[in-house]
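Below is one structure, written out as structure tokens; comments come after it.
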Amino acid sequence: MPLFILPLIGRFHPLIVHLPIGFILFALVLMYYPRKDKNLLLPTVQFALLLSTLMSFFACITGIILYNQEGYAFDTVQNHLILGILTALTCLSLFLLVKKHQTLSDPKIHVGSAILFLCLTITGHLGGNLTHGETYLTEVLPEGIQETFGWKIEEQFEPLSLDGEAWEEALFYEDVVQLILNQNCRSCHNEKNSKGDLILTSKESLLEGGKNGEVIFHKTPMESELIKRMLLPLDHEDHMPPKEKRQPVEAEVELIKAWLHNGASFEETLGQSGISVDLVSSFFVKNEISIYPEVQLEPLEEDVLKELKSQGFFIEKLSITSPLLKVSTINFPEADNQDLESLEPILAYITILDLSLSNVTDDVIPLVGKMENLTILKLNETKIEGQSFEMLKGNTHLIQLHLTKSIVNGDNLGKLDSHPSLQKVFAYETPLAKEINVEKYKELRFKVELGNFELPSLPTDQVKY
């Protein structure tokens, strides 16, 4: 028998397993179909249960082959495997019971059908977990519900990052190579899911290799399977990680190659290995200062945001870790002052507000002034004149104000001169930009960008071709 036959049969398991599910559900529906003489359906039920039994055992066989060929750890599949076999046996028992009693009304048959349905449901759920992950069903639920029942479990791995001042002291394997493997390989090669019997979570398991042998060759390190599979074309069947998985970036691959080239030491530091700073500089931690305030706010109810989105507002989180929001009327150009009042429940959460092209007027400024964490305000191409701009002084985190193609004039902009945090105002194509005397705007505490930029003339500009 060709070597590929068994792996091919095993990979049909996810397809085959749907057949017994369908037949079993069909049989159970017929058994409890509401009609006076249920025994009229007896032959059909028996046939459906027979097909269910045959397909259940076929699914078990393909599942066992898949387990043996793909290198799954038994701890990972044991419950699904045992319950799958139990489902097939229960299906067989129910078929024999119905055939023996020639009735669908016997209490034993009711008990058997209930057990069969329960086994089918749990087995299917466990199979879904193996295919899609344990959080597949629960991850769509609101975060509050997930946290209450302890369902919000995400295995996250620290990305590779190095101190630019002390990078040479980092251990090449522990602080670099293992983090790269965690990010790109661990999902398929861990203690619970060891495809090819290969685990890449520690020094010991890395040296042990998998069912195809070692993955690090110390005598010929650059021939090691660990790097050879990474360098194969993405569409190659042996390329690792599989093309549907996260792929290591070029710099990560180069670091793996450098580690192997230097002898795959588990004790050396980056400095001792002699690699250049250029190879690791892209992983240096950049200490960027965020312009957005760091605040602690209670999580918003999903229903609140859903209601606002249904009105036309575009709303998204500033980041995964921040409770602050970006709110825009980009898809809601007819929004006016009254529409903006519906944002009252989330005023403290808004850090970027874009009202460009909307129908708002100066009457909306008092509401905007209540947004205590507002950082960027965009009023481009609106009817805002700025008569109430002094009320924006309550936005103590406001850094940028965008007024392009608005009708704000110089006097109203001057009302913001004593603003505590404002740094820059963009006022292209406004009455401000058309004023002859623009020197007065240089005296304001914030910078005003008026446009009208001119590039310096170059000698090449006079060349005629």
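Numbers for residues simply follow the sequence, beginning at 1. What you see is a predicted model; the values in this text were computed from it and never measured.
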Are side-chain heavy atoms of Trp259 and Ile227 found at a separation under 4.5 Å? no
Looking at side-chain heavy atoms only, is the closest gap between Glu225 and Arg229 below 4.5 Å? yes
For the [atom1] atom on [X], are there more than 12 heavy atoms of other groups (residues, nucleotides or ligands in this structure) within a distance under 6.0 Å?
X	atom1	result
Gln102	CD	yes
Leu297	CG	yes
Phe57	CZ	yes
Arg246	CZ	yes
Phe332	CZ	yes
Phe426	CZ	yes
Glu301	CD	no
His101	NE2	yes

Is there a donor in the side chain of [X] and an acceptor in the side chain of [Y], or the other way round, less than 3.5 Å apart?
X	Y	value
Ser322	Ser319	no
Asn182	Gln178	yes
Thr396	Ser421	no

How are the rings of His110 and Tyr32 set relative to one another: parallel (under 30°), tilted (30 to 60°) or perpendicular (over 60°)? tilted
Evaluate the ring planes of Trp167 and Phe284, with Trp represented by its six-membered ring, and classify them as parallel (under 30°), tilted (30 to 60°) or perpendicular (over 60°). tilted
As a quick check of understanding, evaluate side chain to side chain contact (heavy atoms under 4.5 Å, CB included) for Leu347 and Glu372, giving each step before the final call. CA-CA 7 Å; Leu347 294 182; Glu372 57 195 74; over 6 Å; no
For a quick test of reading the model, state the closest non-hydrogen atom pair linking [X] to [Y] and the distance between them.
X	Y	value
Glu254	Leu279	CB-CD1, 3.6 Å
Thr329	Ser358	OG1-CB, 3.8 Å
Ile346	Ile315	CD1-CD1, 4.3 Å
Ser273	Asn262	O-OD1, 3.0 Å
Leu49	Val98	CD1-CG2, 4.0 Å
Leu179	Glu174	CG-O, 4.3 Å

Measuring from atom [atom1] of [X] to atom [atom2] of [Y], what distance do you get when rounded to the nearest 0.5 angstrom?
X	Y	atom1	atom2	value
Met371	Asn395	CE	CG	8.0 Å
Gln311	Glu307	CD	CD	5.0 Å
Leu255	Ser282	CG	OG	7.5 Å
Asp363	Leu367	CG	CG	11.0 Å
Leu30	Leu25	CG	CG	11.0 Å
His397	Asn373	NE2	CG	5.0 Å

Partners passing side chain to side chain contact (heavy atoms under 4.5 Å, CB included) against Ser356 (at least two apart in sequence or in another chain): Asp354, Lys378, Asn380
So, the side chain of [X] versus the backbone of [Y]: is there a donor-acceptor pair under 3.5 Å, distance only?
X	Y	value
Asp339	Asp336	yes
Ser224	Phe217	yes
His189	Leu200	no
Ser265	Glu268	yes
Gln247	Pro241	yes
His13	Ala59	yes
Ser56	Ala88	no
Glu252	Val249	yes
His402	Leu379	no
Tyr292	Thr351	no

For side chain to side chain contact (heavy atoms under 4.5 Å, CB included), just list the numbers for Ile352 and Thr375, CA-CA rounded to whole Å, side-chain angles, deciding distance to a tenth of an Å, and then say yes or no. CA-CA 6 Å; Ile352 299 177; Thr375 306; 5.5 Å; no
Tell me, please, which residues at least two apart from Asp278 pass salt bridge (charged side-chain N to carboxylate O under 4.0 Å, His left out). none
Are any of the side-chain nitrogens in Glu302 or Lys306 under 4.0 Å away from the carboxylate oxygens of its partner? no
Report the C-alpha separation of Val176 and Leu162 in whole Å, then their side-chain angles, then the decisive distance to 0.1 Å, and conclude whether the side chain to side chain contact (heavy atoms under 4.5 Å, CB included) test is met. CA-CA 9 Å; Val176 177; Leu162 297 167; 4.3 Å; yes
Under the side chain to side chain contact (heavy atoms under 4.5 Å, CB included) criterion, do Met230 and Asn184 qualify, and how do the steps go? CA-CA 10 Å; Met230 286 187 185; Asn184 301 283; 5.9 Å; no
